[in-house]
Amino acid sequence: MNMNITNSLIKYVISLSRKKVREEEGCFVAEGTKCVRDTWDYFKCRMIIATKAWYEENGHSGHLDKIIFANSQQMQRMSQMSNAADVIAVYEMPVIEMSDDDIRGGLNVVLENIQDPGNLGTIIRLCDWFGVKNIFCSPNTVDVYNNKVIQATMGAISRVNVTYCKLDELLKKYSDMPIYGTSLGGKNLYKAELSATGFVIFGNEGRGMSQALSDLSKMKLRIPSYPANVVTSESLNVGIAAAITIGEFRRRIVAEGIQ
């Protein structure tokens with residue numbers, strides 16, 4: 001391609017910062033060398049916009065037949081970051097397909113009304129680290145293709161399936177599987193019996209799980225503070241809570257030789 005960017009293309013890339021436009025176009029944006037390099041082998045690429053300096057340094061890699069050149073000022077106009085990157089990729093949203101066997105064969109994370117893009121991105125990244133392939137989000141959870149989410153995943157968005165659905169219907173469908181809810185009033189995570197498969201629910205940053213999902217969970221789990229009966233912070237950030245919880249599930253699997 002090797003063409004220079006036009007004003008219409010600049011406006012198009014800027015428009016993809018809006019969820020409604022992303023959904024209409026079926027496209028999203030990734031910014032920065034690491035983010036683009038970590039994702040361009042996993043998503044169908046519409047275009048890569050970069051400075052000529054970036055191209056000269058990275059011009060021997062795949063997908064660069066779709067390169068469009070822009071100067072630093074133009075990159076700044078299109079960027080959703082405080083400091084504009086030298087490369088922006090426009091990808092097509094993938095069609096997420098999860099088989100019944102995939103869901104039943106592993107640990108699945110359920111996110112209800114997570115609002116902060118950084119939290120969602122962090123949870124996707126830790127799921128990638130711990131081998132959790134499927135994340136189910138409520139319709140009111142922040143959009144996974146929000147640029148801040150994409151940046152926070154550090155490329156993990158390429159390897160974790162994220163889908164939006166009615167969570168109560170999902171959990172009722174798989175009611176024969178273990179369903180864990182996270183709650184300050186739950187059982188001590190480190191003393192609870194944990195399964196290698198099932199669902200783990202993490203609720204909204206401020207309100208936690210809804211009553212509907214709480215009722216569907218078969219065991220409530222809490223991360224105990226230490227030492228016991230000492231005044232501590234009111235709660236943990238949901239990303240940190242997810243890391244500790246999923247980490248304990250994986251530690252238990254290794255310790256007990258389940259996998």
(request) Please assess Ile103 against Phe199 for the test side chain to side chain contact (heavy atoms under 4.5 Å, CB included), listing each intermediate value before the final yes or no. (result) CA-CA 9 Å; Ile103 295 170; Phe199 298 85; 3.6 Å; yes
(request) Please say which of Asp86, Asn58, Asp38 ends up in a side chain to side chain contact (heavy atoms under 4.5 Å, CB included) with Thr33. (result)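 The side chain to side chain contact (heavy atoms under 4.5 Å, CB included) with Thr33 is passed solely by Asn58 among Asp86, Asn58, Asp38.
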Taking every non-hydrogen atom, the tightest pair across [X] and [Y]:
| X | Y | value |
| --- | --- | --- |
| Asn119 | Asp116 | N-OD2, 2.9 Å |
| Cys35 | Ile150 | SG-CG2, 3.7 Å |
| Ile10 | Gln74 | CD1-CG, 3.9 Å |
| Ser217 | Gly181 | CB-N, 3.6 Å |

Applying a strict under-4.5 Å side-chain criterion to I, L, V, M, F, W and Y, I'd like to know whether [X] and [Y] cluster together.
| X | Y | result |
| --- | --- | --- |
| Leu216 | Met219 | no |
| Val238 | Tyr164 | yes |
| Met75 | Val90 | yes |
| Val109 | Leu167 | no |
| Phe28 | Ile135 | yes |

(request) Applying side chain to side chain contact (heavy atoms under 4.5 Å, CB included), name anything that partners Thr39, two or more places apart in sequence or on another chain. (result)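 Only Ala30, Phe43, Tyr91, Ile157, Ser158 meet the side chain to side chain contact (heavy atoms under 4.5 Å, CB included) criterion with Thr39.
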(request) Under the side chain to side chain contact (heavy atoms under 4.5 Å, CB included) rule, collect the residues that match up with Glu248, sequence neighbours excluded. (result)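 With neighbours one apart ignored, the set is Leu189, Tyr190, Leu194, Arg251, Arg252.
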(request) Could you check whether the rings of Phe69 and Tyr55 sit parallel, tilted or perpendicular, using 30° and 60° as the cut-offs? (result)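 Correct class here is perpendicular.
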May I ask you to test the [X]-[Y] pair for a side-chain heavy-atom distance under 4.5 Å?
| X | Y | answer |
| --- | --- | --- |
| Gln115 | Val142 | no |
| Leu236 | Ile244 | yes |
| Arg46 | Tyr12 | yes |
| Arg250 | Val132 | yes |
| Ile5 | Met78 | yes |
| Ile201 | Ile179 | yes |
| Tyr42 | Arg159 | yes |
| Asp102 | Lys133 | no |

Whether over 12 other heavy atoms sit under 6.0 Å from [X] [atom1]:
| X | atom1 | answer |
| --- | --- | --- |
| Asp176 | CG | yes |
| Lys220 | NZ | yes |
| Lys218 | NZ | yes |

Sub-3.5 Å donor-acceptor pair from the side chain of [X] to the main-chain atoms of [Y], do we have one?
| X | Y | answer |
| --- | --- | --- |
| Arg77 | Ile14 | no |
| Ser214 | Gln211 | no |
| Glu112 | Leu213 | no |
| Asn161 | Ile96 | no |
| Thr245 | Ala242 | no |
| Asn204 | Ile114 | no |
| Glu56 | Thr51 | no |
| Gln151 | Glu31 | yes |
| Ser79 | Gln76 | no |

(request) First locate atom CE of Met3, then atom CD1 of Ile49, and finally report the distance between them rounded to the nearest 0.5 Å. (result)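 That separation rounds to 9.5 Å.
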(message) side chain to side chain contact (heavy atoms under 4.5 Å, CB included) for Val200 and Thr182? Distances and angles first, verdict last.
(response) CA-CA 7 Å; Val200 186; Thr182 51; 4.3 Å; yes
(request) Answer yes when Arg22 and Asp143 have at least one side-chain N-carboxylate O distance shorter than 4.0 Å, and no when they do not. (result)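 Asp143 and Arg22: salt-bridged.
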(message) Evaluate Phe136 against Cys165 for side chain to side chain contact (heavy atoms under 4.5 Å, CB included), listing each step before the verdict.
(response) CA-CA 7 Å; Phe136 296 92; Cys165 63; 4.0 Å; yes
(request) Check whether the ring centres of Phe130 and Phe249 lie less than 6.0 Å apart, and answer yes or no. (result)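 Between Phe130 and Phe249, the centre distance exceeds or equals 6.0 Å.
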(request) Take Lys19 and Asn146 through the side chain to side chain contact (heavy atoms under 4.5 Å, CB included) test and state the conclusion after the steps. (result) CA-CA 7 Å; Lys19 180 181 178 181; Asn146 176 300; over 6 Å; no
